[in-house]
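Just below is one structure, and these are the notes that go with it.
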Amino acid sequence: MMSANQEMAVYCFDTLVAHYNGEQVPPPEFEEGHHPLFVTWKKAVNGSEPRLRGCIGTLEARGIVTGFRDYALTSYSDLCQQIFSAESAMRIAENSFALRDRRFPPIQAKELPYLQCTVSILTNYETAANYLDWEIEKHGLIIEFTDPDYNTRRSATYLPEVAAHEGWTKIETIDSLMRKAGYKGAISETLRCRICVTRYQSTLYTMHFRDYASYVKDTRGAAPAINGTKLAH
(Lines give C-alpha, C1' and ligand atoms only; values in the text may rest on other atoms or scores of the structure.)
Protein backbone atom coordinates (compact mmCIF):
# COMPACT_ATOMS: atom_id res chain seq x y z
CA MET A 1 0.00 0.00 0.00
CA MET A 2 1.34 3.43 -0.92
CA SER A 3 1.67 5.88 1.97
CA ALA A 4 2.00 9.65 2.02
CA ASN A 5 5.65 10.64 2.45
CA GLN A 6 8.18 13.45 2.59
CA GLU A 7 8.88 13.45 -1.14
CA MET A 8 5.20 14.10 -1.92
CA ALA A 9 5.15 17.19 0.31
CA VAL A 10 8.43 18.34 -1.26
CA TYR A 11 6.86 18.00 -4.70
CA CYS A 12 3.94 20.22 -3.66
CA PHE A 13 6.31 22.94 -2.44
CA ASP A 14 8.38 22.48 -5.61
CA THR A 15 5.21 23.11 -7.59
CA LEU A 16 4.60 26.48 -5.92
CA VAL A 17 8.23 27.58 -6.21
CA ALA A 18 8.35 26.57 -9.88
CA HIS A 19 5.13 28.45 -10.57
CA TYR A 20 6.44 31.69 -9.07
CA ASN A 21 9.69 31.34 -10.99
CA GLY A 22 8.00 30.42 -14.26
CA GLU A 23 9.93 27.16 -14.37
CA GLN A 24 9.19 23.49 -14.86
CA VAL A 25 8.57 21.51 -11.69
CA PRO A 26 11.52 19.21 -10.84
CA PRO A 27 10.65 15.55 -11.38
CA PRO A 28 9.17 13.89 -8.28
CA GLU A 29 11.20 11.56 -6.10
CA PHE A 30 8.32 9.14 -5.57
CA GLU A 31 6.77 6.48 -7.76
CA GLU A 32 3.62 7.00 -9.76
CA GLY A 33 0.43 5.35 -8.55
CA HIS A 34 -3.33 5.83 -8.67
CA HIS A 35 -5.03 6.80 -5.42
CA PRO A 36 -7.53 9.27 -3.99
CA LEU A 37 -5.54 12.16 -2.50
CA PHE A 38 -5.71 15.57 -0.85
CA VAL A 39 -3.36 18.54 -0.46
CA THR A 40 -3.80 20.87 2.53
CA TRP A 41 -2.00 24.17 3.08
CA LYS A 42 -1.89 25.92 6.44
CA LYS A 43 -0.20 29.15 7.44
CA ALA A 44 1.38 30.04 10.79
CA VAL A 45 2.77 33.47 11.64
CA ASN A 46 4.86 34.34 14.72
CA GLY A 47 4.43 30.93 16.28
CA SER A 48 0.64 31.00 16.09
CA GLU A 49 -1.50 27.92 15.54
CA PRO A 50 -1.44 27.08 11.81
CA ARG A 51 -4.62 28.24 10.11
CA LEU A 52 -6.15 26.67 7.06
CA ARG A 53 -5.11 28.31 3.78
CA GLY A 54 -6.56 25.76 1.39
CA CYS A 55 -7.44 22.10 1.00
CA ILE A 56 -8.66 20.18 -2.01
CA GLY A 57 -8.44 16.72 -3.47
CA THR A 58 -10.36 13.89 -5.03
CA LEU A 59 -12.25 10.93 -3.63
CA GLU A 60 -11.61 9.03 -6.85
CA ALA A 61 -8.30 7.39 -7.70
CA ARG A 62 -6.09 9.36 -10.07
CA GLY A 63 -2.42 9.59 -10.96
CA ILE A 64 -0.70 10.95 -7.89
CA VAL A 65 2.06 12.85 -9.72
CA THR A 66 -0.35 15.03 -11.69
CA GLY A 67 -2.76 14.95 -8.75
CA PHE A 68 -0.34 16.50 -6.28
CA ARG A 69 0.89 18.96 -8.89
CA ASP A 70 -2.63 20.10 -9.80
CA TYR A 71 -4.00 20.24 -6.27
CA ALA A 72 -0.93 22.01 -4.87
CA LEU A 73 -1.99 24.96 -7.03
CA THR A 74 -5.75 24.42 -6.93
CA SER A 75 -5.93 24.21 -3.16
CA TYR A 76 -4.29 27.35 -1.91
CA SER A 77 -7.21 29.68 -1.41
CA ASP A 78 -8.77 30.50 1.94
CA LEU A 79 -11.55 27.96 1.42
CA CYS A 80 -11.18 24.35 2.54
CA GLN A 81 -12.77 22.11 -0.04
CA GLN A 82 -12.93 19.02 2.17
CA ILE A 83 -16.70 19.19 2.10
CA PHE A 84 -17.89 18.48 -1.40
CA SER A 85 -19.06 15.56 -3.46
CA ALA A 86 -16.63 13.57 -5.58
CA GLU A 87 -18.19 15.06 -8.69
CA SER A 88 -17.76 18.59 -7.37
CA ALA A 89 -14.18 17.85 -6.37
CA MET A 90 -13.28 16.78 -9.87
CA ARG A 91 -15.10 19.72 -11.42
CA ILE A 92 -13.34 22.24 -9.17
CA ALA A 93 -9.99 20.60 -9.73
CA GLU A 94 -10.42 20.77 -13.48
CA ASN A 95 -11.91 24.24 -13.81
CA SER A 96 -10.99 26.49 -10.89
CA PHE A 97 -7.30 26.88 -10.13
CA ALA A 98 -6.69 28.99 -7.02
CA LEU A 99 -4.42 31.36 -8.94
CA ARG A 100 -7.54 32.42 -10.83
CA ASP A 101 -10.04 32.01 -7.97
CA ARG A 102 -11.85 35.35 -7.71
CA ARG A 103 -13.44 34.47 -4.36
CA PHE A 104 -10.21 34.52 -2.34
CA PRO A 105 -6.83 36.24 -2.54
CA PRO A 106 -4.15 33.92 -3.92
CA ILE A 107 -1.14 33.09 -1.82
CA GLN A 108 1.69 35.53 -2.40
CA ALA A 109 5.26 34.35 -2.83
CA LYS A 110 6.26 36.17 0.36
CA GLU A 111 3.91 33.89 2.33
CA LEU A 112 5.80 30.72 1.45
CA PRO A 113 8.06 30.72 4.56
CA TYR A 114 4.94 30.57 6.76
CA LEU A 115 3.27 27.64 5.00
CA GLN A 116 3.03 24.01 5.92
CA CYS A 117 1.82 21.34 3.53
CA THR A 118 0.01 18.12 4.39
CA VAL A 119 -0.41 15.44 1.73
CA SER A 120 -2.95 12.67 2.24
CA ILE A 121 -3.43 9.34 0.48
CA LEU A 122 -6.90 7.84 1.05
CA THR A 123 -7.35 4.09 1.52
CA ASN A 124 -9.66 1.35 2.82
CA TYR A 125 -13.06 2.55 1.65
CA GLU A 126 -15.85 0.69 3.50
CA THR A 127 -19.62 1.02 3.74
CA ALA A 128 -20.56 1.79 7.34
CA ALA A 129 -23.42 -0.11 8.98
CA ASN A 130 -24.92 3.17 10.21
CA TYR A 131 -24.00 6.80 10.76
CA LEU A 132 -22.18 5.97 14.02
CA ASP A 133 -20.18 3.04 12.62
CA TRP A 134 -16.79 4.78 12.49
CA GLU A 135 -14.01 5.97 14.79
CA ILE A 136 -12.97 9.56 15.41
CA GLU A 137 -9.44 10.31 14.09
CA LYS A 138 -9.22 6.90 12.40
CA HIS A 139 -11.88 7.30 9.70
CA GLY A 140 -12.72 9.94 7.17
CA LEU A 141 -16.36 10.08 6.09
CA ILE A 142 -18.37 10.46 2.92
CA ILE A 143 -22.07 10.96 3.55
CA GLU A 144 -24.87 10.80 0.99
CA PHE A 145 -28.53 11.48 1.64
CA THR A 146 -31.69 12.82 0.09
CA ASP A 147 -32.70 16.33 1.13
CA PRO A 148 -36.32 15.88 2.26
CA ASP A 149 -37.16 19.50 1.52
CA TYR A 150 -36.01 19.50 -2.11
CA ASN A 151 -35.81 15.77 -2.94
CA THR A 152 -32.22 16.22 -4.11
CA ARG A 153 -29.16 14.12 -3.36
CA ARG A 154 -26.51 15.73 -1.18
CA SER A 155 -23.05 14.54 -0.22
CA ALA A 156 -19.96 15.76 1.61
CA THR A 157 -16.71 14.47 3.09
CA TYR A 158 -14.33 15.15 5.97
CA LEU A 159 -10.80 13.78 6.19
CA PRO A 160 -9.99 11.59 9.22
CA GLU A 161 -8.27 14.35 11.20
CA VAL A 162 -11.11 16.90 10.99
CA ALA A 163 -13.44 15.67 13.75
CA ALA A 164 -10.63 15.27 16.30
CA HIS A 165 -9.14 18.65 15.43
CA GLU A 166 -12.51 20.35 15.93
CA GLY A 167 -13.27 18.41 19.12
CA TRP A 168 -16.55 17.10 17.74
CA THR A 169 -18.56 14.08 18.81
CA LYS A 170 -19.74 11.63 16.15
CA ILE A 171 -23.19 13.23 16.00
CA GLU A 172 -21.71 16.74 15.79
CA THR A 173 -19.50 15.57 12.93
CA ILE A 174 -22.41 14.07 11.03
CA ASP A 175 -24.56 17.16 11.58
CA SER A 176 -21.73 19.41 10.42
CA LEU A 177 -21.28 17.29 7.30
CA MET A 178 -24.98 17.62 6.53
CA ARG A 179 -24.73 21.40 6.76
CA LYS A 180 -21.60 21.42 4.64
CA ALA A 181 -23.46 19.36 2.07
CA GLY A 182 -25.90 22.24 1.79
CA TYR A 183 -28.78 20.93 3.89
CA LYS A 184 -30.50 23.76 5.78
CA GLY A 185 -33.50 22.00 7.27
CA ALA A 186 -34.09 20.41 10.66
CA ILE A 187 -31.78 17.51 11.50
CA SER A 188 -33.58 14.67 13.20
CA GLU A 189 -32.55 11.20 14.33
CA THR A 190 -34.79 9.79 11.61
CA LEU A 191 -32.90 11.74 8.94
CA ARG A 192 -29.51 10.76 10.35
CA CYS A 193 -30.51 7.10 10.14
CA ARG A 194 -31.22 7.50 6.43
CA ILE A 195 -27.70 8.69 5.66
CA CYS A 196 -25.43 6.41 3.66
CA VAL A 197 -21.93 6.58 5.15
CA THR A 198 -18.71 5.47 3.52
CA ARG A 199 -15.75 5.47 5.86
CA TYR A 200 -12.13 5.52 4.79
CA GLN A 201 -8.66 5.86 6.25
CA SER A 202 -5.64 7.85 5.18
CA THR A 203 -1.93 8.23 5.58
CA LEU A 204 -0.58 11.75 5.74
CA TYR A 205 2.68 13.63 5.87
CA THR A 206 3.14 17.23 7.00
CA MET A 207 6.10 19.45 6.10
CA HIS A 208 6.77 23.08 7.04
CA PHE A 209 8.54 25.36 4.57
CA ARG A 210 11.64 25.55 6.79
CA ASP A 211 11.97 21.77 6.56
CA TYR A 212 11.43 21.93 2.81
CA ALA A 213 14.14 24.60 2.53
CA SER A 214 16.56 22.44 4.53
CA TYR A 215 15.75 19.41 2.39
CA VAL A 216 16.37 21.32 -0.84
CA LYS A 217 19.64 22.80 0.45
CA ASP A 218 20.90 19.41 1.61
CA THR A 219 19.92 17.49 -1.51
CA ARG A 220 20.36 20.11 -4.23
CA GLY A 221 23.11 22.31 -2.86
CA ALA A 222 21.16 25.57 -2.51
CA ALA A 223 18.08 26.75 -0.64
CA PRO A 224 14.92 27.45 -2.68
CA ALA A 225 14.64 30.95 -4.09
CA ILE A 226 11.86 32.99 -5.68
CA ASN A 227 12.82 35.53 -8.33
CA GLY A 228 12.31 39.03 -6.98
CA THR A 229 11.24 37.86 -3.51
CA LYS A 230 13.29 37.61 -0.34
CA LEU A 231 12.42 34.45 1.58
CA ALA A 232 13.16 34.45 5.30
CA HIS A 233 13.65 30.71 5.89
Side-chain angles (χ1 to χ4, degrees), residues 2-44 50-82 89-90 92-94 96-101 104-123 140 159-162 202-220 222-227 229 231 233:
M2 179 172 288
S3 298
N5 58 47
Q6 173 181 254
E7 287 70 26
M8 295 172 183
V10 167
Y11 188 60
C12 290
F13 271 115
D14 278 346
T15 298
L16 290 190
V17 172
H19 166 76
Y20 288 121
N21 287 332
E23 300 171 345
Q24 292 293 318
V25 184
E29 296 294 330
F30 56 89
E31 294 183 359
E32 177 65 290
H34 285 76
H35 296 276
L37 59 94
F38 273 74
V39 176
T40 303
W41 295 104
K42 290 186 177 181
K43 179 181 177 181
R51 300 185 64 180
L52 188 69
R53 194 65 169 91
C55 175
I56 197 169
T58 175
L59 301 172
E60 304 291 334
R62 66 165 293 177
I64 63 172
V65 173
T66 58
F68 283 128
R69 185 184 65 217
D70 292 348
Y71 296 141
L73 293 178
T74 310
S75 63
Y76 65 101
S77 67
D78 285 331
L79 176 67
C80 178
Q81 297 288 358
Q82 293 178 351
M90 294 304 294
I92 292 171
E94 291 168 356
S96 182
F97 287 88
L99 291 171
R100 302 192 299 270
D101 192 338
F104 307 98
I107 287 178
Q108 303 297 312
K110 64 184 180 181
E111 296 181 78
L112 278 173
Y114 308 105
L115 294 182
Q116 71 176 35
C117 177
T118 298
V119 292
S120 302
I121 298 286
L122 312 188
T123 61
L159 294 176
E161 59 269 25
V162 172
S202 72
T203 63
L204 55 84
Y205 188 93
T206 298
M207 171 176 273
H208 192 278
F209 180 83
R210 63 176 173 270
D211 301 314
Y212 164 72
S214 295
Y215 175 95
V216 171
K217 185 176 182 179
D218 291 344
T219 60
R220 304 174 191 171
I226 302 293
N227 296 334
T229 300
L231 298 180
H233 299 153

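Between the side chain of Asn227 and the backbone N or O of Gly22, no donor-acceptor pair lies under 3.5 Å. When atom types are taken as modelled, the side chain of Ser120 and the backbone of Leu37 share no donor-acceptor pair closer than 3.5 angstrom.
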Show which side-chain atoms of residues 26-35 pair as donor or acceptor with protein atoms under 3.5 Å away, not counting sequence neighbours.
unit_1	atom_1	unit_2	atom_2	d
Glu32	OE1	Ile64	N	3.0
Glu32	OE1	Val65	N	3.2

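Between the side chains of Thr206 and Thr118, at least one donor N or O lies within less than 3.5 Å of an accepting N or O. Side-chain contact of Ser214 with Arg210: a donor-acceptor pair under 3.5 Å is absent, judged by distance alone.
Less than 6.0 angstrom separates the ring centroid of Trp41 from the ring centroid of Phe13. The six-membered or imidazole ring of Tyr212 lies away from that of Tyr215, with a centre-to-centre distance of 6.0 Å or more.
Distance check: Leu115 CG to Leu16 CG gives 7.0 Å after rounding to the nearest 0.5 Å. If you take NZ on Lys42 and CD on Gln116, they are separated by 6.5 Å, rounding to the nearest 0.5 Å.
Annotation: side-chain contact (heavy atoms from CB on, under 4.5 Å) contacts of Thr229 (sequence neighbours excluded): Ala109, Lys110, Ile226, Leu231.
Under the 4.0 Å criterion applied to side-chain N and carboxylate O atoms, Arg69 and Asp14 are not assigned as salt-bridge partners.
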Taking it one step at a time, do Leu159 and Phe38 satisfy side chain to side chain contact (heavy atoms under 4.5 Å, CB included)? CA-CA 9 Å; Leu159 294 176; Phe38 273 74; 3.8 Å; yes
